[in-house]
Chemist: 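Have a look at the structure that comes next, please.
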Amino acid sequence: MSKDFETVIGLEVHVELKTRSKIFCSCTNEFGAKPNTNVCPICSGFPGMLPVLNEQVVDYAIKAGLALNCEIAEYCKFDRKNYFYPDLPKAYQISQYDLPICKQGYLDIEANGENKRIGITRAHLEEDAGKLVHQGTISSSTFSLVDLNRSGVPLLEIVSEPDLRSSQEARAYMEKLRSLLLFAGVSDCKMEEGSLRCDANVSVRPYGQEEMGTRAEIKNLNSFKAVEKAIDYEVRRQIEALEDGEEIIQETRTWEEERQITRSMRSKEEAHDYRYFPEPDLPPLRISREWVERILQSLPEMPEKARERLMEEYGLSEYDANLLTLTPDYLAFFDECSLYYKDGKIISNWMMGELTKLLNQKNMDIAECRIKPAALAEMLKLIDEGRISGKMAKDVFETMFETGAGPEKIIKEKGMEQISDEGTLGMIIQEVIDKNPGVVDDYRNGKKKATGFLVGQVMQATKGQANPALVNKILAEKLTS
Amino acid sequence: MDLYELTLHELQEKLHNKQASSEEIVKAVFSRIKDVETKIQAFITLDEEGALDKARKYDVQDHFSSLTGIPYGLKDIICSQGMKTTCASKILENFVPFYDATVASRLKEAGGVLVGKLNMDEFAMGSSTEQSAFFPTRNPWDLDRVPGGSSGGSAAAVAACEIPFALGTDTGGSIRQPASFCGVVGLKPTYGRVSRYGVVAYASSLDQVGVFSRDIRDCALVLNIIAGKDPLDSTCVDIEKPDYTEFLKDDIKGLKIAFPREYFQEGIAQGIKDTVKKALLKYEELGAIVEEVSLPHSEYALPAYYLVAPAEASANLARFDGVRYGRRDFEAENVIQMFSSTRAAGFGDEVKMRIMLGTYALSSGYYDAYYLKALKVRRLIKNDFDKVFEDFDLIVSPTTPTTAFKLGEQTGDPLTLYMNDILTVPINMAGLPGMSIPCGFVDALPVGMQLIGKPFDEGTLIRAAYAFEQNTDYHTAKPDPGVM
Amino acid sequence: MTLSIQEVQHVALLARLNLGEEEKEKYAEQLGSILQYADKLNELDTEGVEPLDHILPIFNVFREDKVIPGPDREEILANAPLVEEGQYRVPKII
């Protein structure tokens, strides 16, 4: 990227709150149902229908606001945002205009190895619109279909300050935001299901210039990768345009995943004029400080605190502690496992190593994992007790992952248990010694390395199940006696 | 007297004493409707078969609720499950809701028998019922004259004894003005007293459902049924609801009544001023204390109303886009065209005009000058009332500047028509309860007196109205539209 | 006072109303005269007056986060002008 230009990015993130019912009606807030089956006359905008606010939505908004270090408004209200679109049943969206429920927060990201604080301008509540479905491809279809299942799903729109300076920072912001919201427990933040969505406002300006460049708003960023790639593309496009002496137009662009480009969405027939005005059907909100305090008390441990705790209590590295606190599910797995097994470093190693590897291979979430934390702890104890070797443990772990069975059971079924009985091992070792008098002589004549061959023979005879430490010990005894 | 002429409470008595069956009452009502409806044209939809079925069902059951077996009508802006609800608009000509408005279901649960849906100005925008997309309704007192509006069908049907009572809606006077023109009782409760759920919205911060009846007792009885908290309407307030019949006492000694001088100024017909002044003397005679007061911002209520109401309407009527219900233009090639031509063909002139006005008042660059300014003025209007109510129990004024005008007389300039609302609009702007009761005649046309109360004090309105009614006989006069 | 035809056109587009030429002229005039009437409000000094956006002194009206299944899809779609595969069919969005 050109070193003459500075990139300026602000993100608008829509997050679906995981309430049971929608924001203004009692329809289920559930993803993936048949079209128009999670609907009622209210969320379908029928004549005479009125909104009634779901209390849980407000609780979640306060919770999210606190997780993002926001000020929670003492007074706020809803407004109507007016525009016509077939997936917007009332032709207005109930949103919050001048008095959002949360404002002036921040979150910290890591940028170039340093901590960087990104401002959050505001977070406001609104209802989601429905969905337009095209038949066949967009270009060949002659009509669209409207599915209103998503209409009325509660959204929190979180608007950042234009504090981000690169696509990497934007991604880091998104990851951090997701982590905080997951910890707060207000959303499942699944980008692939659209419960976390992102629009990016991107502009460039010559270094040293105070004034902002003209920005483009990029929509349709459905993954962290898309956020990064679309911004990179857009920055390149804008710099090239400026270097060619062109002007940047303020416009909305969409990210085309297939072509890996941003494309101008056809200029609207009108300039947008949303004609916001106070929603008369909904009385305003007064949020007492007691209410905020109550939500604060219910807020679980946030990732920063958890990270510190892990480093302090278990001596984990910052890197490991960071990874373990990326999602609440990882942390919960770790914390539960550590109830049964004391060495946090070893748990962390297994989680970051084998477990993550297998989850990634299967593209699975830790919440779906068949290994329970207690089972991992049990397996780790078996290693310590010498009943299985570290190498055997990897096989056991894989089987646990696939079948969900406990380690004891797997070891028994596969006959994998390590031979740690001194009597049995003594007999086997004696046999090996008897069969290899030449090697034994070599050893006794000073060739200490000869034990390696003997150990190998013992392992072969036991199909690798002999406890290596014991073998070494008994062998040494027998050879020197 | 014929059954159709009886009031709701008289019918209750007949039913209770087994002097009449519900079937007989409903038949009498439909026979009356057949006699006069071709002249009055109050109904958009009638359901004789459904009503008779219901009446027969009630006749064989033992259980009695407050309305069991009694016929009534609903303004066609109130959604009725399985019965067309058109808002007197072509855009909803064939709309059949699968849900009941809360007021409709409360009347249903109380045992009422829905006779049909009543004509109105399209989407409640108008003061004459001439803005109905289907046909105008006539005033039973003079068929050349309008019944008022927007709830003109409700007022005319009750006045012509087609039904004992009806519900209407009132955003700027749409119950009180037609009640006044037709010589019946019309109550607009406090904003928040009655649920708006299932009532097609015109201006959400002003709309309120209310009652048309031929006497005050009926009004109290119906209010008892429809008032009260509804979890489906966030603005329907959860405060204690009295038994309104408790206020039916002929005693207003010491009641403090104010009459605002701004409501008796030029522009109000002399005959009307005289009639209402005479009524005020009656109140004094009955022991009330009557004093003149000032509501200094009165003249600003109308211009403020005609910004606030259209602004809200422009959003409320945006949902009629041809996607989910109602009429659609199938010729349109793209969505914007479909929206625009569907709406242009589906809405009448006055509706389009108010949508345009409201859109303009909210649009970028004009919001502060028009909409926001109007909201500030609304505050001043409310403050005026609050101040008077510190010292008085009730405010009394004429309901309308004139008696019923002739059809076609006020269809040119919208501003002329809007002036009809000048005495009723301030009450909606302040969210107060208002009632119009018959208080005399000018040139054989009824005159209405407006009673305005403190928020949620419908009781005092009923008490004062009842005392007046008991000591006068204007409410007993009935029009004779002539039988075909 | 009259509005310009361009202003009327802009408002009609925002409001999604197709207007004929005659209608545009009529609305230009009628809207103009109503807005002129509304200008009467400027006689009042409203400096420092709190706009009244909610008439009732009530706050925090909520419902519980409880799911109540909606009506059958057939019922919801029964009034729709054009339905396909359980969805509302509209002209293609460009």
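A note on names: the letters A, B, ... follow the listed sequences, proteins ahead of strands, and every chain is numbered from 1.
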Chemist: Check each atom of C:Val8 against the heavy atoms of chain B and say whether the ones under 4.5 Å are side chain, backbone, both or neither.
Modeler: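 Both parts, heavy atoms under 4.5 Å.
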
Chemist: Under a 4.5 Å heavy-atom cut-off, does chain C meet the side chain of B:Glu333, its backbone, both or neither?
Modeler: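 The answer is the backbone of B:Glu333.
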
Chemist: Taking only heavy atoms into account, what residues of residues 61-73 of chain C are found under 4.5 Å from chain B?
Modeler: C:Val61, C:Pro71

Chemist: Residue by residue, scan residues 309-324 of chain B and write down, ordered by number, those that have a heavy-atom distance under 4.5 Å to chain C; if none do, write 'none'.
Modeler: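 Interface residues of residues 309-324 of chain B: B:Gly322, B:Val323, B:Arg324.
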
Chemist: With a 3.5 Å distance limit and no angle check, can you tell me whether B:Lys188 reaches the backbone of B:Asn428 through a side-chain donor-acceptor pair?
Modeler: no

Chemist: Examine whether an atom of B:Ala361 lies under 4.5 Å from a heavy atom of chain C, and if so say whether it belongs to the side chain, the backbone or both; otherwise answer neither.
Modeler: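 B:Ala361 has no heavy atom closer than 4.5 Å to chain C.
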
Chemist: Once salt bridge (charged side-chain N to carboxylate O under 4.0 Å, His left out) is applied, do any residues pair with C:Asp39, and if so which ones, sequence neighbours excluded?
Modeler: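 By the salt bridge (charged side-chain N to carboxylate O under 4.0 Å, His left out) rule, C:Asp39 matches no residue at all.
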
Chemist: Against chain C, label B:Leu357 side chain, backbone, both or neither, depending on which of its atoms sit under 4.5 Å from a heavy atom there.
Modeler: both

Chemist: For chain C, find which of B:Phe98, B:Phe95, B:Tyr325 contributes the most heavy-atom pairs closer than 4.5 angstrom.
Modeler: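 Maximum pair count with chain C is reached by B:Phe98.
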
Chemist: When you measure from the side chain of B:Thr85 to the backbone of B:Met83, do you find a donor-acceptor pair of N or O atoms at a distance under 3.5 Å?
Modeler: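 At least one qualifying donor-acceptor pair exists.
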
Chemist: Given a strict heavy-atom distance threshold of 4.5 Å, which part of C:Leu19 is in contact with chain B: side chain, backbone, both, or neither?
Modeler: side chain

Chemist: Tell me, side chain or backbone of B:Phe456 under 4.5 Å from chain C's heavy atoms, or both, or neither?
Modeler: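 Just the side chain, heavy atoms under 4.5 Å.
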
Chemist: What closest approach, in Å, do B:Ser195 and B:Val209 show between heavy atoms, and which atom pair accounts for it?
Modeler: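 The pair with the smallest heavy-atom distance is O-CG2, 3.8 Å.
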
Chemist: Could you check whether any side-chain heavy atom of B:Leu92 comes within less than 4.5 Å of a side-chain heavy atom of B:Phe123, counting everything from C-beta outward?
Modeler: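 In short, these two side chains touch, coming nearer than 4.5 Å.
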
Chemist: Main chain of B:Phe347, side chain of B:Ser89: is a donor-acceptor contact present, judged purely on distance under 3.5 Å?
Modeler: no

Chemist: Quick one: which of C:Val90, C:Leu41, C:Thr46 has the most heavy-atom pairs under 4.5 Å with chain B, could you say?
Modeler: C:Leu41

Chemist: If you apply the rule side-chain hydrogen bond (donor to acceptor under 3.5 Å, both in side chains), what do you find for B:Ser127 with B:Asn420, and how did you get there?
Modeler: CA-CA 7 Å; B:Ser127 307; B:Asn420 277 290; 4.9 Å; no

Chemist: Would you mind checking which part of B:Met338 comes under 4.5 Å of any heavy atom in chain C, side chain (CB onward), backbone (N, CA, C, O), both or neither?
Modeler: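 Interface part for B:Met338: side chain.
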
Chemist: Considering only heavy atoms, give the residues of residues 25-38 of chain C separated from chain B by less than 4.5 Å, sorted numerically, with 'none' for an empty result.
Modeler: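 Residues C:Lys26, C:Tyr27, C:Gln30, C:Leu31, C:Ser33, C:Ile34, C:Leu35, C:Tyr37, C:Ala38 are the ones that qualify, each having a heavy atom under 4.5 Å from chain B.
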
Chemist: At a 4.5 Å cut-off on heavy atoms, which part of B:Phe330 comes close to chain C: side chain, backbone, both, or neither?
Modeler: side chain

Chemist: Relative to each other, are the rings of B:Tyr360 and B:Tyr370 parallel, tilted or perpendicular (30° and 60° limits)?
Modeler: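 Correct class here is tilted.
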
Chemist: Tell me, side chain or backbone of C:Leu56 under 4.5 Å from chain B's heavy atoms, or both, or neither?
Modeler: side chain

Chemist: What is the minimum heavy-atom distance between B:Glu299 and B:Pro303, and which atoms define it?
Modeler: O-CD, 3.4 Å

Chemist: State, to 0.1 Å, how close C:Pro81 and B:Gly326 come at their nearest heavy-atom pair, and which atoms those are.
Modeler: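 Heavy-atom minimum between the residues: CG-O, 3.4 Å.
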
Chemist: Any sub-3.5 Å donor-acceptor pair from B:Glu262's side-chain atoms to B:Leu295's backbone N or O?
Modeler: yes

Chemist: What is the minimum heavy-atom distance between C:Pro91 and B:Val335, and which atoms define it?
Modeler: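 Scanning both residues completely, I find the closest heavy atoms to be O-CG2, 3.0 Å.
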
Chemist: Name the region of B:Val237, side chain, backbone, both or neither, that has any atom closer than 4.5 Å to a heavy atom of chain C.
Modeler: side chain

Chemist: Need one label for B:Ala345: side chain, backbone, both or neither, based on atoms under 4.5 Å from any heavy atom in chain C.
Modeler: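 B:Ala345 has no heavy atom closer than 4.5 Å to chain C.
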
Chemist: Is it the side chain or the backbone of B:Lys352 that comes within 4.5 Å of chain C heavy atoms, both, or neither?
Modeler: both

Chemist: What part of B:Thr190 is in contact with chain C, defined as an atom under 4.5 angstrom from a non-hydrogen atom: side chain, backbone, both or neither?
Modeler: neither

